Engineer: 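First the structure, which I've put down as structure tokens, then a few questions once you've had a look.
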Amino acid sequence: MIADKLLHWYDRHARVLPWRSPPGGAAPDPYAVWLSEVMLQQTTVAAVKPYYERFLARWPTVEALAATEDAELMAAWAGLGYYSRARNLLACARAVVTEHGGRFPASAAALKRLPGIGDYTAGAIAAIAFGESAAVVDGNVERVVARLFALESKAAVREQAAAITPAARPGDYAQAMMDLGATICTPKRPACGICPLREDCRAFARGTPEAFPVRAPRAEKPHRRGIVFWAEAEGDVLLVTRPAKGLLGGMRALPTGSWGDAPSLGEAPFAADWQMLKGNVRHVFTHFSLDLSVAVASVGRVNAEGEWWPIARLGEAGLPTVFDKAARLALESRMSLIAC
DNA sequence: TAAGCGTGGTG
DNA sequence: TCACCAAGCTT
């Protein structure tokens, strides 16, 4: 009933997206579905599009992706965020090649055993690429179902979402739910006036659609300070690769001290005449905000941990956004030093 | 279980 | 300027 109405709406209003087949179309390539779904985890469609196109052109198959070097993959992911996804993407591709003969397993249960694939992504790939009637509950679906049935707990939402998942066209249905949530049943000011499920919606009947889903209050973000070091030698800049786990793990970066209360030049990668740049870099991560000072030094090609990288090719290094900001500040203001 | 994990768009 | 939040996963 709900599914029929939703699919009828989807047949007329489906968004056109690079990774998507038209409604009722042939099942898309599981590799392409997986790639798009991982990129879309907590990430907007607009941000994903250019990365998806670049990745698919550079790595058209899971075999090609599995064979690439870690550093190239991580650099290609730079700027998209949540970098553990990139590490897991590579681990998953290699597992598909070595343990599954290069073919993605066709069930949600088997997909979920692969790195970086949780409940949502397993269900989405199974439904979209393999036609399995799997429950697909992302943030959109949680919101739509919570409003339809006026539910306050995540467990109840998951149960209802599974109960109304149809046997027919499960992939279109999953994408229809997400399109509805993204374009009509939005977090704020939902467009109930044009919603195909308005007559079925308990939250609409109550006049309080925005009251669902119930959100826990979020903790206050702490503020941290730090220094990054721009060490320049003969047209090169010193880059390091961050430890594989943790914040920005596995990514190339500028050397940096710890981020906390009192940054110190004592954390520089080597002794030099470090000069603090005017201005700073402000950046907001998921769980803290950061003010970075930039210290610069022009040196000989000293022995230092890391790699000396040509400044002219810095764009190819794949720096995460926070370090890209710092690099831009260094390049803009190298001429306007002040004493520290 | 709750915390850790990025970034950019939007109102 | 700032709070909110987007096709979540891992530990």
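Within every chain, numbering begins at 1; the chains are lettered A, B, ... in the order of the sequence lines, protein sequences first and strands thereafter. Nothing here was measured: the structure is a model prediction, and the numbers come from that model.
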Engineer: Can you tell me which nucleotide in C/dA7, B/dT7, C/dA6 comes closest to the side chain of A/V322?
Structural biologist: B/dT7
Engineer: Centroid separation under 6.0 Å, is that true for the rings of A/W59 and A/Y31?
Structural biologist: no
Engineer: Indicate, yes or no, whether a donor-acceptor pair under 3.5 Å links the base of C/dA6 to the side chain of A/R143.
Structural biologist: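 No pair found.
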Engineer: Looking only at side-chain N and O atoms, does A/R218 come under 4.0 Å of OP1 or OP2 in C/dC5?
Structural biologist: yes
Engineer: Answer yes when A/D138 and A/R143 have at least one side-chain N-carboxylate O distance shorter than 4.0 Å, and no when they do not.
Structural biologist: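 A salt bridge is absent here (no side-chain N lies under 4.0 Å from a carboxylate O).
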Engineer: Take atom CZ of A/R87 and atom P of B/dC5, then tell me their distance rounded to the nearest Å.
Structural biologist: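 From A/R87 CZ to B/dC5 P: 10 Å.
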Engineer: What is the nucleic acid contact for A/L80, judged by heavy atoms within less than 4.0 Å: base, sugar-phosphate only, or nothing?
Structural biologist: base
Engineer: Could you tell me whether A/G79 contacts a base, only the sugar-phosphate backbone, or nothing, with contacts defined as non-hydrogen atoms closer than 4.0 Å?
Structural biologist: sugar-phosphate
Engineer: Heavy atoms, side chains only, cut-off 4.5 Å: are A/V62 and A/V96 in contact?
Structural biologist: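 Counting from C-beta outward, A/V62 and A/V96 do come under 4.5 Å.
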Engineer: Given the C1' atoms of B/dT7 and C/dT11, what is the spacing between them in whole Å?
Structural biologist: 23 Å
Engineer: Quick one: label A/V284 by what it contacts on the DNA or RNA (base, sugar-phosphate, nothing), any heavy atom closer than 4.0 Å.
Structural biologist: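 A/V284: base contact, heavy atoms under 4.0 Å.
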Engineer: Please report, rounded to the nearest Å, how far the P atom of C/dA3 is from the CD atom of A/E210.
Structural biologist: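 My rounded result for the distance is 19 Å.
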Engineer: In whole angstrom, give the distance that lies between atom CG of A/D119 and atom P of C/dT11.
Structural biologist: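 One finds 15 Å between P of C/dT11 and CG of A/D119, rounded.
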Engineer: Ignoring hydrogens and angles, does a donor from either the side chain of A/T121 or the base of C/dG8 sit under 3.5 Å from an acceptor on the other?
Structural biologist: no
Engineer: Starting from P on C/dA3, measure out to NE2 on A/H223 and report it in whole angstrom.
Structural biologist: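 Rounding to the nearest Å, NE2 of A/H223 and P of C/dA3 are 13 Å apart.
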Engineer: Check this one for me: any side-chain N or O of A/Y82 less than 4.0 Å away from OP1 or OP2 of C/dT10?
Structural biologist: no
Engineer: What's the gap between C/dA7 and B/dA3 when it is taken at their C1' atoms, as a whole Å value?
Structural biologist: 22 Å
Engineer: Taking for each residue the nucleotide of DNA chain C bearing the nearest heavy atom, is the 5' side occupied by A/K112 or by A/L17?
Structural biologist: A/L17
Engineer: How many Å lie between OH on A/Y83 and P on C/dG8, as a whole number?
Structural biologist: 17 Å
Engineer: Does A/Q41 place a side-chain N or O at less than 4.0 Å from the phosphate oxygens OP1/OP2 of C/dG8?
Structural biologist: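 No, A/Q41 has no side-chain N/O under 4.0 Å of OP1/OP2 on C/dG8.
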Engineer: Flag the pair A/R147 and A/E210 as a salt bridge only when some basic side-chain nitrogen lies within less than 4.0 angstrom of an acidic carboxylate oxygen.
Structural biologist: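 No, no charged N to carboxylate O under 4.0 Å.
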Engineer: Return whichever of A/A46 or A/T286 has its heavy-atom-nearest nucleotide of DNA chain B closer to the 5' end.
Structural biologist: A/T286
Engineer: Categorize A/R189 for me: base, sugar-phosphate, or nothing, with a 4.0 angstrom heavy-atom threshold over every strand shown.
Structural biologist: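 Since no nucleic acid heavy atom lies under 4.0 Å of A/R189, the category is nothing.
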Engineer: Taking for each residue the nucleotide of DNA chain C bearing the nearest heavy atom, is the 5' side occupied by A/N88 or by A/W19?
Structural biologist: A/W19
Engineer: Does the distance from a Lys or Arg side-chain N to an Asp or Glu carboxylate O, for A/D70 and A/R94, drop under 4.0 Å?
Structural biologist: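 A/R94 and A/D70: salt-bridged.
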Engineer: Check every atom of C/dA7, B/dG6, C/dT10 against the side chain of A/V45 and return the nucleotide holding the closest atom.
Structural biologist: C/dA7
Engineer: Rounded to the Å, how far apart are A/Q42 CD and C/dG8 P?
Structural biologist: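 A/Q42 atom CD is separated from C/dG8 atom P by 5 Å.
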Engineer: With respect to the side chain of A/L40, which nucleotide from C/dA7, B/dT7, B/dC5 is positioned closest?
Structural biologist: C/dA7
Engineer: A/T321 side chain N/O closer than 4.0 Å to the phosphate oxygens (OP1, OP2) of B/dT7?
Structural biologist: yes
Engineer: May I have the distance from A/F285 (atom CZ) to B/dC5 (atom P), rounded to whole angstrom?
Structural biologist: 9 Å
Engineer: Quick one: on DNA chain B, does A/K188 or A/K221 contact a more 5' nucleotide (nearest heavy atom)?
Structural biologist: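 The residue closer to the strand's 5' end, by nearest nucleotide, is A/K221.
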Engineer: Would you indicate, yes or no, if B/dT7 has its OP1 or OP2 atom less than 4.0 angstrom from a side-chain nitrogen or oxygen of A/H283?
Structural biologist: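 A/H283 to B/dT7 OP1/OP2: side-chain N or O found under 4.0 Å.
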Engineer: Picking from A/R158, A/K154, A/K112, what satisfies salt bridge (charged side-chain N to carboxylate O under 4.0 Å, His left out) with A/D119?
Structural biologist: A/K112
Engineer: When rounded to the nearest Å, what value does the distance between C1' atoms of B/dC5 and C/dA6 take?
Structural biologist: 14 Å
Engineer: Among the nucleotides B/dC5, C/dA6, C/dA7, which one has an atom lying closest to any side-chain atom of A/Y120?
Structural biologist: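 Of the candidates, C/dA7 comes closest.
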Engineer: Distance alone, cut at 3.5 Å: any donor-acceptor contact between the side chains of A/H283 and A/K325?
Structural biologist: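 A/K325 and A/H283 do have a side-chain donor-acceptor pair below 3.5 Å.
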Engineer: Round to a whole Å and report the spacing from CD of A/E142 to C1' of C/dC5.
Structural biologist: 13 Å
